[in-house]
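Accompanying notes for the structure given below.
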Amino acid sequence: MEDGPAVKRMAVTFQQAQRVGCTLLKALLRFAFMVANNLVAIPSYVLYLIVLQPLRVLDSKLFWYIEGVLFKWLLAMVASWGWWAGYTVVEWGDDVKAVSEDEAMVLVNHQATGDVCTLMMCLQDKGTVVRQMMWLMDHIFKYTNFGIVSLIHGDFFIRQGKAHRDQQLVLLQEHLEKYYRSRNRKWIVLFPEGGFLRKRRETSQAFAKKNNLPFLKHVTLPRLGATQVILKTLVAPQENGTPAGRDAVIKESKSKGLQWVIDTTIAYPKGEPIDIQTWILGYRQPTVTHVHYRIFPIKDVPAEPEALTHWLYQRFIEKEDLLTHFYETGAFPPLQGQTKAVSRAMTLSNLWLVGIQSLAFLSGGIL
């Protein structure tokens, strides 16, 4: 005798309830692990650096080298939360490993809090980049659990809004002059749109219409301020015509200055970004995030404000085209001169991640 429709519906409902229950249990377990991870890893990082303060006086270079290693491990722990939930990354475009030892400015589109986690993951296998990078992030991040780490590392917290803009740019220049090369930073990461896509899109489109600029759906028009300050402060004089007197820090450190701009475009399937809550709880199905890179020599980036504004707008207009192509086809277009786009699956070693997590919990027990 066959089961009736009511019995089948009950079976389906029971299976759905099981799946929901399993997802909730996994989310709770992941959340508990994340809390425990933060409670031991972040205090351990802080305490290690407190203990090492005498070394900071005796050998500052070695101190910041050790700090960078610890910083990279912390970012790897964050990456592991997504990696073990099946949130992986596929990379497209130029191979940024080729410039991982040079100074570079990384321009990234901004859709959600998960963008930062994605970068923490996909830059893990790029040599010394993660431990020698500086982040520009919204000031509210300072008050999160990870804020103390970024504060010690020397990242810059920027306040948004017209009322703060001019002051923040002055503070950014002072911060770069004081910390960027004294701590041997290589890459600086910023989100020129100045906020999440969903929050800025309408305002950006209105501005574009008023100024006869392209209508953008997948990105917003970038802001010039922080980009201009970074170029003005960190590019070597001979490369963009900056007066030599302004770059004493560069001369003292014998740095070549910024050599590249890495235009980075993050794309999520169906345009549905991953936020930090999803990254932590893992309730979304395994997802592949796609990251596209284009590398520009710094000599090709104009220094004059109007020309730089046009250049920066062009990068985000190109991002719009890249993302439109991705959402229509599921892939990024090939680079100029290529007939077929080539993707690269970014991988992390589970053994290495387990080792770092184990060291964090062991450090928490000892300290």
Side-chain angles (χ1 to χ4, degrees), residues 37-38 40-80 96-106 108 116-137 141-142 144-157 175-190 230 233-234 249-250 252-260 262 264 346 348-349 352-353 355-360 362-364 367:
N37 201 181
N38 277 272
V40 296
I42 293 176
S44 296
Y45 166 90
V46 174
L47 290 172
Y48 274 129
L49 295 180
I50 290 174
V51 171
L52 289 172
Q53 284 304 303
L55 178 63
R56 184 176 180 178
V57 176
L58 296 171
D59 191 340
S60 176
K61 185 176 181 180
L62 179 58
F63 173 86
W64 289 113
Y65 174 87
I66 295 172
E67 184 279 333
V69 172
L70 296 175
F71 183 78
K72 178 176 181 177
W73 289 353
L74 282 178
L75 267 58
M77 292 177 204
V78 176
S80 73
V96 296
K97 287 183 180 180
V99 298
S100 63
E101 296 301 317
D102 298 332
E103 290 189 27
M105 176 173 63
V106 184
V108 193
V116 175
C117 300
T118 295
L119 290 173
M120 287 180 178
M121 175 186 287
C122 64
L123 296 180
Q124 283 291 324
D125 67 344
K126 306 299 186 292
T128 62
V129 163
V130 174
R131 64 177 177 83
Q132 292 181 285
M133 72 195 317
M134 179 181 285
W135 298 75
L136 266 64
M137 59 192 74
F141 193 78
K142 185 190 297 185
T144 67
N145 62 314
F146 208 81
I148 183 64
V149 174
S150 292
L151 196 63
I152 294 172
H153 184 68
D155 297 327
F156 184 77
F157 303 96
H175 184 89
L176 293 173
E177 290 173 344
K178 185 176 182 180
Y179 297 116
Y180 191 80
R181 294 205 168 84
S182 67
R183 299 186 181 184
N184 195 29
R185 299 295 173 245
K186 292 290 187 182
W187 284 18
I188 184 164
V189 181
L190 69 155
I230 291 168
T233 309
L234 299 181
V249 177
I250 293 178
E252 288 174 8
S253 63
K254 298 181 180 179
S255 168
K256 295 180 180 179
L258 287 181
Q259 295 172 264
W260 312 98
I262 303 174
T264 304
M346 181 266 160
L348 290 175
S349 166
W352 180 62
L353 293 176
I356 291 172
Q357 293 284 8
S358 300
L359 179 61
L362 180 62
S363 297
L367 298 174

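All values below were derived from every heavy atom in this structure, side-chain atoms included, with hydrogens, water molecules and symmetry-related copies excluded.
- With sequence neighbours excluded, no residue satisfies ring-ring contact (aromatic ring centres under 6.0 Å, His included) with F146.
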Apply side chain to side chain contact (heavy atoms under 4.5 Å, CB included) to F141 and D155, showing your working. CA-CA 11 Å; F141 193 78; D155 297 327; over 6 Å; no

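- In this structure, L190 CG and T264 OG1 are separated by 10.0 Å, a value rounded to the nearest 0.5 Å.
- When all heavy atoms of A41 and L74 are compared, the closest pair comes out as CB-CD2, 3.7 Å.
- The two atoms that bring K256 and Q259 nearest to each other are CD-NE2, 3.8 Å, heavy atoms only.
- For I66, the side chain to side chain contact (heavy atoms under 4.5 Å, CB included) partners two or more places apart in sequence, or in a different chain, are L52, L55, L62, L70.
- When the side-chain hydrogen bond (donor to acceptor under 3.5 Å, both in side chains) test is applied to W260, the partners found at least two apart in sequence or on another chain are D102.
- Across all non-hydrogen atoms, the minimal contact from Y48 to S363 is OH-OG, 2.8 Å.
- Going from atom CG of L176 over to atom OG1 of T233 covers 5.5 Å, rounded to the nearest 0.5 Å.
- Not counting sequence neighbours, T144 has no partner by the side-chain hydrogen bond (donor to acceptor under 3.5 Å, both in side chains) test.
- A donor-acceptor pair is defined here as one N or O able to donate and one able to accept, closer than 3.5 Å; no such pair exists between the side chain of Y45 and the backbone of V40.
- A donor-acceptor contact shorter than 3.5 Å links the side chain of R181 to the backbone of L234.
- Residues meeting the salt bridge (Lys or Arg N to Asp or Glu O under 4.0 Å) test with K97, sequence neighbours left out: D125.
- Partners of I50 under the side chain to side chain contact (heavy atoms under 4.5 Å, CB included) rule, at least two apart in sequence or in another chain, are V46, L47.
- The distance from the CE atom of M105 to the CD1 atom of I188 is 8.5 Å, given to the nearest 0.5 Å.
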Would you sort out whether M77 and N37 count as a side chain to side chain contact (heavy atoms under 4.5 Å, CB included), showing the intermediate values? CA-CA 8 Å; M77 292 177 204; N37 201 181; 3.6 Å; yes

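- Proximity of W187 to E103: side-chain heavy atoms (C-beta onward) are nowhere separated by under 4.5 Å.
- The side-chain hydrogen bond (donor to acceptor under 3.5 Å, both in side chains) search around S100 returns none, not counting sequence neighbours.
- Note that CZ of R131 and CG of L75 are 13.5 Å apart. Values are rounded to the nearest 0.5 Å.
- Residue pairs meeting the salt bridge (charged side-chain N to carboxylate O under 4.0 Å, His left out) criterion with at least one member in residues 58-74, sequence neighbours excluded: E67-R185.
- Rounded to the nearest 0.5 angstrom, Q357 CD and W352 CH2 are separated by 10.5 Å.
- Considering every non-hydrogen atom in both L353 and A76, the closest pair reads CD2-O, 3.7 Å.
- Counting non-hydrogen atoms of neighbouring residues, nucleotides and ligands closer than 6.0 angstrom, the OH atom of Y65 reaches no more than 12 such neighbours.
- Here the closest heavy-atom approach between residue M134 and residue G154 is recorded as CE-O, 3.3 Å.
- Here the straight-line distance linking atom OH of Y180 with atom NZ of K186 works out to 8.5 Å at 0.5 Å rounding.
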Let's go through F63 and L58 carefully: what are the C-alpha distance in whole Å and the side-chain angles of both, what is the deciding distance for side chain to side chain contact (heavy atoms under 4.5 Å, CB included) to 0.1 Å, and is it a yes or a no? CA-CA 9 Å; F63 173 86; L58 296 171; over 6 Å; no

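- Taking the side-chain hydrogen bond (donor to acceptor under 3.5 Å, both in side chains) definition, one finds that Q132 meets it with T128, sequence neighbours left out.
- In terms of heavy-atom proximity, K126 sits nearest to V129 at O-CG2, 3.1 Å.
- Applying the side chain to side chain contact (heavy atoms under 4.5 Å, CB included) test to V189 and every residue at least two apart in sequence or in another chain returns V106, V108, L119, M133, W135.
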Worked check of side chain to side chain contact (heavy atoms under 4.5 Å, CB included) between W64 and S182: CA-CA 9 Å; W64 289 113; S182 67; over 6 Å; no

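- Qualifying ring-ring contact (aromatic ring centres under 6.0 Å, His included) partners for F71, counting only residues two or more places apart in sequence or in other chains: H153.
- Applying the ring-ring contact (aromatic ring centres under 6.0 Å, His included) criterion to Y179, with sequence neighbours excluded, gives H175.
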